[in-house]
Amino acid sequence: MGSAGQGPIRTAVVGFGISGRVFHATLIEADPSFSLDVIVTADPDRAAAAAARYPKARIVPTAEAMFALAADLDLVVLGTPPATHFGMASTAIAHKLHVVVDKPFVTTSAHGEELMAQAAEAGVQLTVFQNRRWDADFLTLRKLLDAGALGEVRTFESRFEWWRPEGFGNWRDSATTAEGGGILHDLGAHLIDQAVQLFGPVAHSYGETAHRGLAPDAADTEAFVSLLHDSGVRSRLWMNGAAAVPGPRFHVLGSHAGYTKWGLDGQEPALDAGLPPSDPAYGVESQESWGLLGVDGATGAVPAERGAYPQFYRLLAGAVLHGGPVPVDPADAVDVLKVIEEVHALA
């Protein structure tokens, strides 16, 4: 960064799979507060794609090669499998670099607390990419709750379900629980985080997991989690990548009304298809996708808020350049990991 700390924030993205290619590189390129200087990938096809898409970035094959360039960097973004997060984040912090870690943050809550302590001592920013806080449906529900449209909320049901029985075709299909694998780590990191953001700390948790994948030693492929919040709200969360008929994304019941929303947020497929975040159509849900608010026999569609994944990097720029809050407090991600650990211990 310049001597006045005005940017651009010189950034390296580690990994050029779904996380690095679809989310981080695209969002960083779209934000003038950042420059995309280095992309790390050992895969020749991905390296070629990265070079073609981002001709100004240096493409290097290893994290070691990237850290050799640390003097010319300000920020490292880790879009790699979770088993690699602790080691690479710790090394980045030792180089006095700010760090974004994809979810799940790390494989254990103890590792997360250790990274937080390291970042505080080094005086660098550490945050976790909980992008689902900026889903259109989540922002819409939060607005309804803030307005008291449902009255006193009693139960919150939330699902990430889809039909992909063949698996992901990547590391997720074989990773063990100890490696941060499994759908509870992968999607529970989002669903639990959203529930806590809406309804506060968890007093008690319960969960069930099952493995129905092709790799016998891999982690869970479906999960259910029940949370009792200190606020009294009960959250019930489902994760399943082999759901032949998915349930509603949200089903929320309050003392005055309920809210039901079907379908997943459209920002990921839009980014994957090449729609830039600056496009007026980005993050906008069609009217057919709007959720319904009301009581049985008298419901109406609620216009969706605009999805806002770019907000993560806008907030991060404010933290790095001006000392504002990070977009996601890593302590939140540690709290989510503790819930996941409790569920795994009981399941």
Side-chain angles (χ1 to χ4, degrees), residues 1 5 9 11-15 19 23-24 28 34 63 66-67 70 73-134 177-181 184-197 200-203 205 227 230 311-345:
M1 293 181 288
I9 300 166
T11 305
V13 171
V14 186
S19 176
F23 293 107
H24 296 294
I28 289 165
F34 297 84
M66 179 266 294
F67 284 123
L73 295 171
D74 305 301
L75 170 69
V76 171
V77 178
L78 300 180
T80 56
T84 68
H85 289 176
F86 177 78
M88 283 199 283
S90 182
T91 302
I93 291 168
H95 282 86
K96 303 293 184 179
L97 297 171
H98 307 291
V99 185
V100 172
V101 185
D102 217 346
K103 61 81 212 166
F105 181 19
V106 280
T107 57
T108 69
S109 59
H111 277 172
E113 290 170 339
E114 187 173 344
L115 285 180
M116 289 170 58
Q118 291 177 8
E121 183 175 354
V124 299
Q125 301 286 8
L126 172 67
T127 189
V128 183
F129 190 60
Q130 297 284 170
N131 59 300
R132 295 291 182 173
R133 292 188 183 186
W134 292 277
T177 300
E179 295 170 331
L184 180 55
H185 269 129
D186 191 27
L187 300 184
H190 284 312
L191 295 187
I192 297 168
D193 179 71
Q194 287 187 333
V196 172
Q197 288 299 301
V202 175
S205 62
L227 306 175
D230 288 343
Q311 183 69 4
F312 177 91
Y313 278 101
R314 292 191 194 109
L315 292 171
L316 180 60
V320 171
L321 298 175
H322 309 298
V326 292
V328 176
D329 188 335
D332 294 347
V334 169
D335 288 341
V336 169
L337 280 169
K338 288 179 178 178
V339 173
I340 291 172
E341 288 167 347
E342 289 175 2
V343 171
H344 278 143

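FYI, side chains are in, hydrogens and waters are out, and symmetry mates aren't considered; it's all heavy atoms of this structure.
Checked against the 6.0 Å centroid criterion, the rings of H85 and H111 do not qualify as a close aromatic pair.
Proximity of V76 to M88: side-chain heavy atoms (C-beta onward) are nowhere separated by under 4.5 Å. In this structure, F312 and T127 have side chains that are in contact, with non-hydrogen atoms separated by less than 4.5 Å. Side-chain contact between D332 and V336: absent, with no pair of heavy atoms (C-beta onward) separated by less than 4.5 Å. For the pair K103 and D186, the minimum side-chain heavy-atom distance is below 4.5 Å. Residues L126 and V124 fail the side-chain proximity criterion, which asks for heavy atoms closer than 4.5 Å. In this structure the side chain of T84 never reaches within 4.5 angstrom of the side chain of L78, judged on heavy atoms. Under the 4.5 Å side-chain criterion, counting only non-hydrogen atoms from C-beta, F34 is not in contact with D74. Side-chain contact between Y313 and V77 is present, with heavy atoms from C-beta onward closer than 4.5 Å.
When all heavy atoms of F105 and G112 are compared, the pair lying nearest together is CE2-CA, 3.6 Å. Of all the heavy atoms in L315 and P327, the pair that sits closest is CB-CB, 3.8 Å. The heavy-atom pair separating G180 from P104 by the smallest distance is O-CG, 3.9 Å. Residues I93 and A122 come closest through the heavy atom pair CG2-CB, 3.7 Å. In this structure, I340 and A189 approach most closely via the heavy-atom pair CD1-N, 4.2 Å. Here the closest heavy-atom approach between residue Q125 and residue G324 is recorded as NE2-O, 4.2 Å.
How far CD1 of I192 is from CG of L184: 5.5 Å, rounded to the nearest 0.5 Å. Atom CG in L321 sits 4.0 Å away from atom CD1 in I9 (nearest 0.5 Å). Residue D329 holds its CG atom at 11.0 Å from CD of Q130, rounded to the nearest 0.5 Å. Interatomic distance, K338 NZ to T108 OG1, rounded to the nearest 0.5 Å: 11.0 Å.
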Worksheet item: Checking side chain to side chain contact (heavy atoms under 4.5 Å, CB included) for the pair V196/V202: CA distance, chi angles, key distance, verdict?
Response: CA-CA 7 Å; V196 172; V202 175; 3.9 Å; yes

Discussion item. Using side chain to side chain contact (heavy atoms under 4.5 Å, CB included), reason through L75 and V100 one step at a time and then give a plain yes or no.
Written reply: CA-CA 8 Å; L75 170 69; V100 172; 4.0 Å; yes

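Pairs passing the side-chain hydrogen bond (donor to acceptor under 3.5 Å, both in side chains) check and including a residue from residues 86-97, sequence neighbours excluded, read S90-Q118.
Here the side chain of H322 pairs no donor or acceptor atom with the backbone of G318 at under 3.5 angstrom. A donor-acceptor contact shorter than 3.5 Å is absent between the side chain of T107 and the backbone of E179. Between the Q194 side chain and the R132 main chain, a donor and an acceptor come within less than 3.5 Å of each other. Checking side-chain atoms of E341 against main-chain N and O of S109 turns up a donor-acceptor pair under 3.5 Å.
A salt bridge links R133 to D193: at least one charged side-chain nitrogen sits closer than 4.0 Å to a carboxylate oxygen.
With sequence neighbours excluded, no residue satisfies ring pair (Phe, Tyr, Trp, His ring centres under 6.0 Å) with H190. Scanning for salt bridge (charged side-chain N to carboxylate O under 4.0 Å, His left out) contacts around E342 gives an empty result, with sequence neighbours left out.
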